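Here's the structure we're looking at; comments come further down.
Here is how names work: the chains are called A, B, and so on, in the same order as the sequence lines, proteins then strands, and each is numbered from 1. Owing to the predicted nature of the structure, the values given are computational and were not obtained by experimental measurement.
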Amino acid sequence: MQSEINPIQMNLESILTTSVFEAVKTLYSVDTEINQIQIQKTKKEFEGDLTVVVFPFVKAARKSPEQTGQEIGEYLVQNNPVISAFNVIKGFLNLNISKKYWLETLSEIHEDASFGIQNPADDAKLMMIEYSSPNTNKPLHLGHIRNNLLGHSIAEIQKANGWKVVKTNIVNDRGIHICKSMLAWKLFGNGETPESSGLKGDHLVGKYYVIFDKHYKAEIQELISKGATEEEAKKSAPLILEAQKMLLAWENNDAEVRQLWEMMNSWVYAGFDKTYEQMGVSFDKIYYESETYLEGKSEVERGEALKAFYRRDDGSVWADLTGDGLDEKLLLRADGTSVYMTQDIGTAKLRYNDYPINKMVYVVGNEQNYHFQVLAILLDKLGFEWGKNLVHFSYGMVELPEGKMKSREGTVVDADDLMQEMIDTARETSEELGKLDNCTPEEIQSIALMVGLGALKYFILKVDPRKSMTFNPKESIDFNGNTGPFIQYTHARIKSVLRKATAQGIDFSSMISTNLEISDKETNLIQLITQFPATVREAGEEFSPALIANYTYELVKEYNQFYHDFSILKEDNQALIQFRLILSESVASVVKSAMLLLGIDVPERM
RNA sequence: GGUCCUGUAGUUCAAUGGAUAGAACAAGUGUUUCCUAAACACUAGAUCCGGGUUCGAUUCCCGGCGGGACUACCA
């Protein structure tokens, strides 16, 4: 599956590897292990395109690294027509690849409409990717943004690597949290609705979650002042008792509670839909906890019958995981209501019933590492052979300079607000620079959307997903430098040149000549382009959109230098003009594909 | 206490065990009769500490120190 993904780049590397293998065998009479042959891109400050590390061969050669490199280099130049020259510095053998090879390669890439992107075959394996997974008691915030962008991007990347992908979302629509919002609304809401308040539905419900917490805290304080311990107070405050009662009523299908629940959830979904739409994410299949938790409950009961789990005197059900080096885990509360883990068991089972899943991936923050460790063990204990194969794609938290975001302390960065802020800034910048003076209001809006969201998405996705990242709300996200807009700008610039070329009647549909003297900057650009397929593959294996982001940045940075130092349309040599147009168009095309893998659109002008 | 993650310029991020540790932002300085200056160029600035493995360690191992997460009848 892999070697077919990118014949172009794979060819060069495997050709060179083979040549080096032969060289070492011929010169020193030893068979080298293939993974000992390390070929890397030559560093900028040295002459050459690709570099062979010679240290692994010096033992066999019984010569100095320099001399070994020299001998291998001579062999390669004589025996491989693709290699035009070499030089040795310390233990590094730098190879020049012939210009003709690069030009032919560019020509091939230019013909390939889906360069670097593999379309899933009919019999491709199926990967289900869960992401987003919101609670219905509060609006989405910056942490969800990272989750959603990662989920969406990883789905795109896996598709580009030939997987069939089902994007799924488990909505945590039931439980004690939503009862808190419901109760607060009932007590303090005076019938407020999204329509009456003008508030987006998810924000309205979130408001009552906060109101609940405020009153709950006050009750706790009062109880403490009357001599209760904090723990006692938390458990016995009237509001929390009331919320628990409501949860029980909900699980018992109480008509009034269910009606309230449905109404408030419908507000939330309308709000979420807007947020998702603006963010550009979507799902193929949505599961609701309210529809899966009963399956989870019956699985827990089955587990109890299997003696995998046990029931305590108070009626609560537990799994003893001390044998696995973990603690005991609650699966059903004493009052019979279910917890997060219960429904996750049910959801997993239903998914495997619904789809022929080859790989199940959960995009969930690293704060839940323990949860997924436990989930895998529990499913295994229940006899599901796939239980241990679940992949928890564990990404780092988004932190503020002061530390973790806390909804109760009002330090969360709201997703809707942040996106709007980015879009507004993009529009203002465009206006200041006078870039879009000839555009219609609709075009201006569409570009502001692309650029503002591009800045946000790139900012999030360029960071290694496993690492936690810092977001400083006081410093707005940049539009210059290593940013989404910089990449988008490069694309727009190229498109502008291509439009001019077309207007002048220049044909650059295919390459006239591969016998051209091209500069090092240009060969380097071609070489960077050839690395795109390998980057997509690596991003898929590593589950890392950041690799795509960093690759694209390197490519456009290089292109901007080229753009600055060379002229395209004002060149005298027609063949060179055509070559540079093809080069530019290929860069634009890779940039567009790469950004699409990140869920970022690129504009034709900006 | 236990388990896990993490520590790179002032800041935000890079670097399959390979060359002189790369960028960007912020600071300072240049480039526009020339295809989009949201650009390009230049200057200054960093691997937490101590051992080990290796021809070679930011990377792997051990021990410190610092930061974080989890360890709920929350999700």
In whole angstrom, give the distance that lies between atom OH of Y551(A) and atom C1' of G22(B). 18 Å
Between U3(B) (C1') and F372(A) (CZ): distance, integer Å: 18 Å
N135(A) and N172(A) side chains, donor-acceptor separation under 3.5 Å: yes
With the six-membered base ring of A19(B) as reference, does the ring of F46(A) sit under 5.5 Å away with planes under 30° apart? yes
How long is the line joining NZ of K43(A) and C1' of G22(B), in whole Å? 8 Å
Taking N and O atoms by type only, does the side chain of T51(A) place a donor or acceptor under 3.5 Å from a partner on the base of A19(B)? yes
Separation of A21(B) atom C1' from K44(A) atom NZ, nearest Å, is 15 Å
Whole angstrom is fine here: how far is it from CD in Q38(A) over to C1' in G56(B)? 11 Å
Looking just at side-chain N and O atoms, do N369(A) and S394(A) make a donor-acceptor pair shorter than 3.5 Å? yes
Send over the distance from Q40(A) CD to A14(B) P, rounded to a whole Å. 21 Å
Would you check if there is a donor-acceptor pair between the side chains of D344(A) and H371(A) at a distance under 3.5 Å? yes
Please work out which of the three classes, parallel, tilted or perpendicular, describes the rings of F92(A) and F55(A), given edges at 30° and 60°. perpendicular
How does protein reach along nucleotides 65-75 of chain B, written 5' to 3' as B (base within reach of a heavy atom under 4.0 Å), S (only sugar-phosphate), or - (no contact)? ---SSSS-BSB
Is there a donor-acceptor contact under 3.5 Å linking the side chains of Q368(A) and Y340(A)? yes
Which one, A19(B), G18(B), A39(B), comes nearest to the side chain of V53(A)? G18(B)
Side chains of S468(A) and Y395(A) only: does a donor on one sit below 3.5 Å from an acceptor on the other? no
Under 4.0 Å from any atom of RNA chain B, heavy atoms only: list the residues of residues 562-573 of chain A that qualify, in numerical order. Y563(A), H564(A), F566(A), S567(A), I568(A), L569(A), K570(A)
Does the side-chain ring of F92(A) sit on the six-membered ring of the A19(B) base, less than 5.5 Å centre to centre and under 30° in tilt? yes
Against the six-membered ring of W318(A), is R311(A) placed for a cation-pi contact (under 6.0 Å from the centre, within 45° of the normal)? no
Looking just at side-chain N and O atoms, do Q244(A) and D335(A) make a donor-acceptor pair shorter than 3.5 Å? no
So, Q343(A) and Y287(A): side-chain donor and acceptor under 3.5 Å apart, yes or no? no
At a cut-off of 3.5 Å, list every protein nitrogen or oxygen paired with a nitrogen or oxygen from nucleotides 24-26 of chain B, distance to 0.1 Å.
{"residue": "A24(B)", "atom": "OP1", "partner": "K557(A)", "partner atom": "NZ", "Å": "3.2"}
{"residue": "A24(B)", "atom": "O2'", "partner": "N482(A)", "partner atom": "N", "Å": "3.4"}

Side chains of S338(A) and R174(A) only: does a donor on one sit below 3.5 Å from an acceptor on the other? yes
How far does CG of L598(A) sit from CD1 of I600(A), to the nearest 0.5 angstrom? 5.0 Å
